Amino acid sequence: MAIQETKIVGDSFQVGVRFQRYWDTSMANAFFCGELGAGLFFISYLFNFVSGMVAGMLITGIFKTYFHMTHMGVPMKSWRAILRPDRSWISRGLMAIVFYLVFGIAHCLNLTFHLDTAWGLGSTVGYIVQLLAAFAALVVMTYQGFAMSHSKAISLWNTILMPISSLTYSLTGGAVLTMLLVNLSPEKAANWEFLTGGILLLLLIDALVLVSLLYSANKRSEGGRVSTLLLLTGIYRQAFLYLVVGAGLILPALLLWLLPGNFAAALLAAVAILAGYYGYRVLVFKAGVYEPMTSFR
Amino acid sequence: MARYGMVFDLKRCIGCNACVIGCKQENSLPDGMFFTRTLSEEYGVYPAVNRVYIPTLCNHCEDAPCEKACPSGATYTRDDGIVMVDADKCIGCSSCAIACPYDQRSQIDKDLLSHGLFGTDELTPFEEDGYKRFVPGTFTKCDFCSERVDAGLDPACVVTCPTDARIFGDLDDPGSKASTLIRERNGKPPMPELKTRPKVYYID
């Protein structure tokens with residue numbers, strides 16, 4: 001079935017598939033910054049790379065917050081978003097970010113100033129703090145995908161593959177930023193070859209998750225099929241194939257594989273990965289559609 | 001306590017959109033915003049082609065995904081089953097709109113309220129008065145004309161319908177017209193597979 005044969009009805013009074021138009025680019029920016037920052041924190045955490053962890057928290061804390069605020073219809077009342085952790089994904093997500101930042105800052109301070117021994121708390125407290133920080137970062141990395149997958153309204157998102165893609169893209173973005181920052185930092189906390197190998201593996205996993213996501217959406221429902229067609233043959237074809245697949249997955253894999261240890265190639269690969277990752281975040285929002293509501297007939 | 005719901009008789013609906021106009025007038029809805037729509041669908045192959053009109057509005061689900069998704073407690077369900085939005089509590093995060101499988105939420109754009117129905121950037125006295133109920137940036141939706149219901153009246157779309165295709169009533173009262181139609185003509189809710197338990201039914 002070609003995209004022309006599907007019934008995308010826009011805002012007209014017809015039965016058919018409608019674009020979701022509520023989560024826009026500002027929301028995609030917020031998701032991108034949240035996942036990238038948490039990914040950078042997590043990968044840097046694995047190498048005790050304090051500069052990377054701080055950069056990760058800054059990306060999440062400043063940019064994610066800013067873009068969420070620009071998305072809010074009534075930003076001055078946004079504090080109310082924390083009121084329903086028992087029911088709302090947004091409330092719980094906000095709490096996860098607060099935990100991640102609080103324990104992340106505590107862990108970085110402890111690594112730098114050895115506060116646990118200085119205050120006579122013992123290494124167990126420091127260990128618990130760092131585990132909580134890492135766990136909260138993992139939650140932030142996957143959480144937005146879970147929030148999207150919870151929406152039964154949009155088939156492209158309503159799958160367990162959505163949090164998995166959030167996690168893998170987040171790890172990839174975090175790893176590539178860690179690789180660059182390690183090279184620029186005097187800390188030299190991580191092994192370049194090890195990170196390069198890890199990024200190549202993550203790119204392969206990203207590609208597999210992406211293919212699975214489209215395949216499952218295409219099989220699931222009419223809306224999922226339309227979303228897949230929009231990305232592969234429709235209005236988002238060029239952006240998806242050239243930016244998300246070409247620049248985001250194939251180009252960096254070739255650069256890192258064929259030119260190992262070359263900083264310029266790694267820098268170009270990092271830019272390409274982040275561009276592809278950002279493109280993925282935007283296009284997943286744009287290609288999300290509501291199902292036609294006539295299944296009862 | 002009643003549990004209000006609505007039945008759409010697809011055999012009676014003629015797609016005149018009088019309900020849409022009645023709703024817009026009752027709720028002072030700005031240009032481009034609708035709480036109810038009458039969708040049309042053509043089916044069959046020439047020469048056996050037909051068209052059906054399918055009215056839609058908020059389904060006031062028993063297990064409302066929009067209410068679950070709302071982080072601020074702005075969306076709530078009244079004792080009589082009507083799902084409401086408290087504009088003073090709404091933060092405009094749009095999670096309700098993403099959660100609603102029926103795409104029945106609308107955001108009140110500040111520009112929408114200033115342009116006016118005639119696109120002249122001037123508001124008529126009717127608009128000036130009616131738009132006072134809206135808080136820019138928040139989300140809104142059909143509330144079964146709760147003020148009319150509280151006064152013992154049917155929603156505006158129901159009384160406007162010239163063919164009685166919309167039937168409003170207490171779904172817990174087995175003797176109500178709505179309950180009788182659902183029972184006798186096998187009323188079906190929209191997208192039942194999602195298990196949101198809508199209080200709106202279609203009979204064909």
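Every value quoted in this text rests on a predicted model; they were computed, and no experiment measured them.
Residues B:S176 and B:D173 have side chains that never bring a donor and an acceptor to within less than 3.5 angstrom of each other.
Using modelled atom types, no side-chain atom of B:N27 and backbone atom of B:L29 make a donor-acceptor pair closer than 3.5 Å.
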Short of 3.5 Å, which donor-acceptor contacts do chain B and chain A share? List atoms and distances.
unit_1	atom_1	unit_2	atom_2	d
B:R37	NH1	A:D11	O	3.1
B:R37	NH2	A:D11	OD1	3.2
B:S40	N	A:F13	O	3.0
B:S40	O	A:V15	N	3.0
B:E41	OE1	A:R297	NH1	3.3
B:A69	O	A:S88	OG	3.1
B:P71	O	A:R84	N	3.3
B:P71	O	A:S91	OG	3.4
B:S72	O	A:R80	NH2	3.4
B:D88	O	A:K77	NZ	2.7
B:I91	O	A:G73	N	3.4
B:I91	O	A:V74	N	3.0
B:G92	O	A:G73	N	2.9
B:C93	O	A:H71	NE2	3.2
B:S94	OG	A:W23	NE1	3.1
B:S94	OG	A:H71	NE2	2.8
B:A97	O	A:Y290	OH	2.6
B:I98	O	A:S151	OG	2.8
B:D103	OD1	A:R21	NH2	3.2
B:D103	OD1	A:Y22	OH	2.9
B:D103	OD2	A:R21	NH1	3.1
B:D103	OD2	A:R21	NH2	3.1
B:R105	O	A:Y22	OH	2.8
B:E193	OE1	A:S295	OG	3.1
B:E193	OE2	A:S295	OG	3.0
B:L194	O	A:K152	NZ	3.1

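Closest non-hydrogen pair, A:V74 versus B:G137, comes out as CG2-C, 4.1 Å. Here the closest heavy-atom approach between residue A:L156 and residue A:M162 is recorded as O-CE, 3.5 Å.
Looking at A:P85, there are no atoms closer than 4.5 Å to chain B (heavy atoms on both sides), in backbone or side chain. In this structure, no portion of B:I108 lies under 4.5 Å from any heavy atom of chain A. Both the backbone and the side chain of B:A97 come within less than 4.5 Å of a heavy atom of chain A. Proximity to chain A (any heavy atom under 4.5 Å) is restricted, for B:I54, to the side chain, taken from C-beta onward. Heavy-atom distances place both the backbone and the side chain of B:C93 under 4.5 Å from chain A.
You'll find the side chain of B:L57 reaches within 4.5 Å of the side chain of B:V200, heavy atoms only. The side-chain heavy atoms of B:C13 and B:R166, taken from C-beta on, include no pair separated by under 4.5 Å. Side-chain contact between B:P65 and B:C100: absent, with no pair of heavy atoms (C-beta onward) separated by less than 4.5 Å. Proximity of A:F32 to A:I59: side-chain heavy atoms (C-beta onward) are nowhere separated by under 4.5 Å.
When each of A:L94, A:I82, A:I90, A:I154 is checked for heavy-atom pairs under 4.5 Å with chain B, A:I90 comes out on top. Highest contact tally toward chain A, considering only B:G92, B:G32, B:P71, is held by B:P71 [criterion: heavy-atom pairs under 4.5 Å].
A:F13 and B:F34 have their aromatic ring centers within a separation under 6.0 angstrom.
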